Amino acid sequence: MAQTDSPWLPGLSESLLPTLVVFPRSPAGEQEDPVDRKETRLRVVVRVRPLTCLERRRGAQRVVHCLGDNTVYVSAPRWTGQSWAAFRLSAVFDAGTSQEGVFEGSGMKRLIELAANGFSCTAFAFGQTGSGKTYTLMGSLAQSKGQPATPYLGGLMQRAFVCLLEQTQPYRPGLILSASYVEIYNEQVRDLLSPGPPRPLPVRWSKTRGFYIENLLMVEFGSLEAIMDLLQEGTAQGVSSLAPEGGGAPRMH
Ligand SMILES: Nc1ncnc2c1ncn2[C@@H]1O[C@H](COP(=O)(O)OP(=O)(O)OP(=O)(O)O)[C@@H](O)[C@H]1O
């Protein structure tokens, strides 16, 4: 929502990023999370990014405010007829929050802990083009292809890898870690780690596996360097990063 008005919130000139959704699910599919039964299975957090230089030059005004109470206040949304609207979330990060702050406060550590204990977990970023999904997930990686990422700018993915490797260290080499990297673009699923140009793969369903992507390459890794290389490699293969801006349409990573 950087340069155009939001189709949902006309006039909104500061970005909202509902970032993380956490779905811990037991391997058996039925059990509750044994670690903390009071914990909700779904966390939705918003990160508000700072106005860009271009937005400032254009005289854009802040319309999204964070007061530290896990609520975002949107001023003067014309569609409500009120002077502001409030939205309560699991966590809210204002424009000054660091990458580390988002990692610490979003529940990602807990998610990794659950994943290391065998739960199926998901984290995804959703938001309009330019709202900060890539920055939040990958930090400086996407902005400096071919160069090492600045550690303090590292996004949730890099931080999650570090955390996962630390947590699983005592169980290796017996425990094997593997990764896949796919892109869903124009309703096609593409494997970003398979050699050659990414080709569409079919999504199937079976009673035993549920939904899965057929012939998806899984690559084993044992170190931070190895998984970072895979991330870099896959990101370079992605076509969505080369696509023109989506005219303000919401996207997901
Ligand atoms: N929290 C932040 N602090 C500073 N700059 C940010 C922040 N979030 C995003 N930006 C900057 O805003 C711009 C847009 O961010 P980004 O590319 O991550 O958006 P996006 O949601 O991934 O967009 P798209 O859907 O088009 O890929 C980038 O220049 C990025 O560096």
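Ligands are counted one by one from 1 in listed order, and the atoms in each one are counted from 1 as well. Since the model is a prediction, treat every value here as computed from it, not as a measurement.
Panel note: side chain Arg62, backbone Leu51; no donor-acceptor pair is recorded below 3.5 Å. Without hydrogens or angle criteria, Lys133 side chain to Gly127 main chain gives a donor-acceptor distance under 3.5 Å.
Counting heavy atoms only, Lys133 comes closest to atom 20 (P) of ligand 1 of the residues Met138, Lys133, Glu55. The closest heavy-atom contact to atom 4 (C) of ligand 1, among the options Gly127, Ser98, Pro50, Gly132, comes from Pro50. The heavy atom nearest to atom 17 (O) of ligand 1, out of those in Val102, Leu51, Thr134, is found in Thr134. Closest heavy-atom approach to atom 18 (O) of ligand 1 among the candidates Phe93, Tyr135, Phe126: Tyr135.
Counting the atoms of ligand 1 from 1 in the order shown, those under 4.0 Å from a heavy atom of Arg47 are 1 (N). Shown in contact with Gln128 at under 4.0 Å from a heavy atom are these atoms of ligand 1, numbered in order with element: 21 (O). Proximity to Arg49 (heavy-atom distance under 4.0 Å) selects the following atoms of ligand 1: 7 (C), 8 (N), 9 (C), 10 (N), 12 (O).
Across every non-hydrogen atom of Arg43 and Gly107, the tightest pair is NE-CA, 3.9 Å. When all heavy atoms are compared, the tightest approach of Gln237 to Leu192 is CG-O, 3.4 Å.
Heavy atoms of Ala125 found under 4.0 angstrom from ligand 1: none, in either backbone or side chain.
Inclusion of Ser131 in the set of residues having an N or O under 3.5 Å from an N or O of ligand 1 is warranted.
Pairs engaging residues 203-217 under the salt bridge (charged side-chain N to carboxylate O under 4.0 Å, His left out) rule: Arg204-Glu214 [sequence neighbours left out].
Within a 6.0 Å radius of OH in Tyr171, no more than 12 heavy atoms belonging to other residues, nucleotides or ligands are found.
Annotation: side chain to side chain donor-acceptor pair (under 3.5 Å) contacts of Glu104 (sequence neighbours excluded): Lys109.
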